[in-house]
Amino acid sequence: MSKQVPEKPTLDGLEEKWGALWEAEGTFRFDRSKTRDEIYSVDTPPPTVSGSLHGGHVFSYTQTDLIVRFQRMRGKEAFYPMGWDDNGLPTERRVQNFYGVRCDPSLPYDSGFVPPEKPGKQTVSISRANFVELCHLRTIEDEKAYEKLWRWLGLSVDWSLTYETIGAKARRASQRSFIRLLDKGLAYQAEAPTLWDIDFQTAVAQAELEDREVAGAFHRVRFHAAEGDVVIETTRPELIPACVALVAHPEDARFAELFGKTVVTPLFRSRVPVLAHDLADPEKGSGIAMICTFGDINDVTWWRELQLPVRGILEPNGRLKPIQWGGDGWDSEDPSTAQVNYDKLAGLTVKKAQAAIQDLLSESGDLIDEPRPITHSVKFFEKGERPLEILTSRQWFIKTLDFKDALLERGRQIDWHPQYMRVRYEDWINGLNGDWCISRQRFFGVPLPVWYPLDEAGIPIYTLPIVPDEDSLPVDPATDTPPGYDESARGQSRGFIGDPDVMDTWATSAMTPQIAGGWEEDPDLFERVFPMDLRPQAHDIIRTWLFVTVFRAHLEHDSLPFKNAAIAGWVLDPDRKKLSKSKGNAETPIGLLEEFGSDAVRYWAASGRPGTDTAFDTGQMRVGRRLSIKVLNASRFVLSHATQEGAVTNLVDQSMLAKLRGVVEDATSAFEEYDYTKALERIETFFWTFCDDYLELTKSRAYGSAGDEGAASAAKALETALSALMRLLAPFLPYVTEEVWSWWQEGSVHKSSWPAPNECGEGGDAQVFDLAAEVLGQIRKTKSAAKVSLKEECKQVSIKAPAAALEALKVAEPDLKEAGKVAAFDYQEEPNFSVEVTL
RNA sequence: GGGCGCUUAGCUCAGCUGGUUAGAGCACUGCCCUUACAAGGCAGGGGUCGGCGGUUCGAAUCCGUCAGCGCCCACCA
């Protein structure tokens, strides 16, 4: 061998050494001259840039990298970009905390603003433009740190292909798509009940809900009627002033005579109808419920289907708003009493109002018994801190319900890995109960690209939105002037105003294949990579990211956005809880990479099968490290004997290669099915047998104990096996395999071709090697049991076996004799295989 | 309430379309500084395959049922 094999190979420094070389050589650079069928394109999940990556990220991104590296070695040109999800609430929150600022959209832009080094005692209010600037500033820093970690981990991403979800490309793509939906009548605005977070003060979508168990209480409350009192049970007595009707099941005899009549609410003395609707459950509460605008999603349904008026009492900040009882829409049998009672609630938060109204109800005698404490689950915005409310507001929607069937069909066209994950997608679609609300009353996001004309009185005419030309995208209606207007007309009578809202961050993430693929901006590229081959992602965002991506591609391109969906599991604490940031092991993956080495951490990640949650396990990383060290040492030994020339004439050598051939076949088909774990298992098992048994068996022969021909055969077999093994292991252990590859090969192992079965020769009988390994094992066992050194001689090895096995073993006898220090062999033909070793 | 997944050695997991005494790694124990490897190697002990019932010549593997765990969806007056 002409190249140099180090005397003492080490794992230290491999990440820096090869990371720098790959970058310099452009090893993972995408070659866009390749055609669609030669390309494997990946819709990489853009990680949320809001702090730091943790073990879970390392886990799932490694898994994607395994697949990409396999595809690349199989001859595909990998289109493997990286995005940064910097748009949205997490960044806003991070910037607020990092600098101690808050966004006040009413403030003017301050071009001389310098952010504080550290958060001050007092929060600094800044304009929306200044705030967005800070968001950009912060995310650039975070993205650098992320990229450094990803490179260290060895992701074979083309780092010239990056995008940010707040970047110009992303803004253009999502605004362009929005305008087209508007044009097709698929985007619309409506003044409607909307899920509302009172802390962030924004609308949110069904996909962003989560249930949380919280303490509450059933209040039994008396409503008054001529026929006698009606008792309802409610967990939200503070909404009694918002009550517009009572409702019971049409077949519930207890309330039959009340249907069509009216009752009077306690405290506020409003007359409301008693109605029938089959959504009312006789089993729940007292069997009759109050309908408030709005307490929950059921209220919205009733309100809509029973055509009830709106009586909203909540401000966007979650406090009860001032109301003039007896005024329009707030009729009362006794307005002055209603006013006295309500004034004690106005201005309070929901929680405080609940306590206050409880006292009022007690005083008036309308509360029956003490409230009964319960624990019940309540809807929250997933990033929120207080329960969601439902408020009426003007929002933009995308028609979704009309496409349920089409989207279910799209789901069936995707290859899911694992397959059962499709069910989650279907569950979600089947449970959709409204169109997708995409407007958010936030700041750091993609602006909704519309303005509204103002009438003479300066009131926006929402029905006539002004839309930008596609050529002018991206636009920010807050600062850009709409076509046909002069900026001086902003906010003026007969002028215009910009829509103040931004889009749901998922409305932008929905476009990642288009953003990365250069949709409408680089048609040549787009044609080569879209639809993508692979969407890798975790199972918790099937209902969000996966769903919206499929949805938008369906509307925009009438196609799938990707062919395969590889769904990763979560990383769990050893105690089976989802890995949380509060636990130490969720932090600083860079520390893990330094302690165990990137290859070792990747080895652990590879042990997590697609879709399967996996325990965080440093033990696995230690095993990975040991494997890496073994790769170095075994390769050093192999290369001290190996040659690329010559022929494998020895039957033991042929047998080992026959076995390897099977491993290549298994690993290849496992990878084709996205089961990298199975592939690794097969490869690793063979590698250890290769080291423990084959190298031991042939060591002496390789040194020349059986003459030149035997040595030459071993030398060629060793080289053949090592070459295949390094390539098989390359996706998992990119650093150590590249290091070893460089000892005797040209170019990068990662650009070499995935082993083909026929590299291992045509014939060979795997049984020879297996039996020889078995006998060698017996010899070791006997010596171990006798507590003697493995170098100790054996007087005799007696083998009983069927004829064919004996035949095979005789072939291996010379190697066994040397490896086991055996003086003599004895063979007897018998149906059962057994070995007896005499020391 | 509906659904999906899981339940195999102390721990983490393999066991495909049912077929000889159930496997691996870690941990544990013992032996070995064997000229690729002592931050290593070799070997060993350890399991009523969640419970019950069924199909079958034969079941960890198929069917039914029960229990537990995790998750998804729905409901949450």
Does the salt bridge (charged side-chain N to carboxylate O under 4.0 Å, His left out) test come out yes or no for A:Lys678 and A:Glu681, once each step is laid out? CA-CA 5 Å; A:Lys678 190 194 250 181; A:Glu681 219 167 66; over 6 Å; no
Where the side chain of [X] is concerned, which of [options] is the nearest nucleotide?
| X | options | answer |
| --- | --- | --- |
| A:Gln620 | B:A77, B:G44, B:G25 | B:G25 |
| A:Ala289 | B:A36, B:G25, B:A77 | B:A77 |
| A:Lys8 | B:A74, B:C42, B:A38 | B:A38 |
| A:Val623 | B:A77, B:G25, B:G41 | B:G25 |
| A:Tyr703 | B:A36, B:A77, B:G3 | B:A36 |
| A:Lys379 | B:C4, B:C75, B:A36 | B:C75 |
| A:Arg424 | B:C71, B:U35, B:G41 | B:C71 |
| A:Trp688 | B:G44, B:A74, B:G41 | B:G41 |

If you look at every strand shown and take non-hydrogen atoms under 4.0 Å, does [X] touch a base, only sugar-phosphate, or nothing?
| X | answer |
| --- | --- |
| A:Leu680 | nothing |
| A:Gly431 | sugar-phosphate |
| A:Arg609 | sugar-phosphate |
| A:Asp281 | base |

Distance-only donor-acceptor test (3.5 Å): side chain A:Asp427, base B:C71: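 Side chain to base: no pair present.
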What I want to find out is whether A:Asp653 reaches A:Lys716 closely enough, with some N-O distance under 4.0 Å, to be called a salt bridge.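 Here A:Asp653 does not pair with A:Lys716 in a salt bridge, since their nearest N and O are not under 4.0 Å apart.
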Flag the pair A:Glu7 and A:Arg636 as a salt bridge only when some basic side-chain nitrogen lies within less than 4.0 angstrom of an acidic carboxylate oxygen.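 A salt bridge links A:Glu7 with A:Arg636.
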With side chains defined as the heavy atoms from C-beta onward, is the minimum distance between A:Phe268 and A:Cys243 less than 4.5 Å?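 No, every pair of side-chain atoms sits at 4.5 Å or beyond.
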Minimum side-chain heavy-atom gap A:Leu592-A:Met621 below 4.5 Å: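 Yes, their side chains come closer than 4.5 Å.
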Taking the six-membered ring for Trp, are the ring centroids of A:Trp604 and A:Phe616 within less than 6.0 Å of each other?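 Yes, the ring centres sit under 6.0 Å apart.
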Indicate whether OP1 or OP2 belonging to [N] is found under 4.0 Å from a side-chain N or O atom of [X].
| X | N | value |
| --- | --- | --- |
| A:Arg780 | B:A43 | yes |
| A:Arg543 | B:C73 | yes |
| A:Tyr694 | B:A36 | no |

RNA chain B: stems of at least 3 consecutive Watson-Crick or G-U pairs whose donor-acceptor distances fall under 3.5 Å: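 Counting only runs of 3 or more consecutive pairs, the stems involving RNA chain B are B:1-7 with B:67-73, B:10-13 with B:23-26, B:28-32 with B:40-44, B:50-54 with B:62-66.
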May I ask you to decide if the ring planes of A:Tyr674 and A:His417 are parallel, tilted or perpendicular, using 30° and 60° as cut-offs?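 Plane angle under 30°, so parallel.
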Establish, from distance only, whether the side-chain atoms of A:His219 and A:Asp369 form a donor-acceptor pair under 3.5 Å.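 On atom types as modelled, these side chains do not qualify, holding no pair under 3.5 Å.
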For A:Ser377 and A:Arg212, which I'm curious about, is there any donor-acceptor pair between the side chains at under 3.5 Å?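 No, because no side-chain N or O of A:Ser377 sits under 3.5 Å from a partner of the opposite role on A:Arg212.
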Taking only residues two or more places apart in sequence, or in another chain, which ones meet A:Lys783 in a side-chain hydrogen bond (donor to acceptor under 3.5 Å, both in side chains)?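 Partners of A:Lys783 under the side-chain hydrogen bond (donor to acceptor under 3.5 Å, both in side chains) test: none.
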Could you pull out the protein-nucleic contacts involving nucleotides 27-34 of chain B (nitrogen or oxygen on both sides, under 3.5 Å)?
unit_1	atom_1	unit_2	atom_2	d
B:G30	N2	A:Ser784	OG	3.4

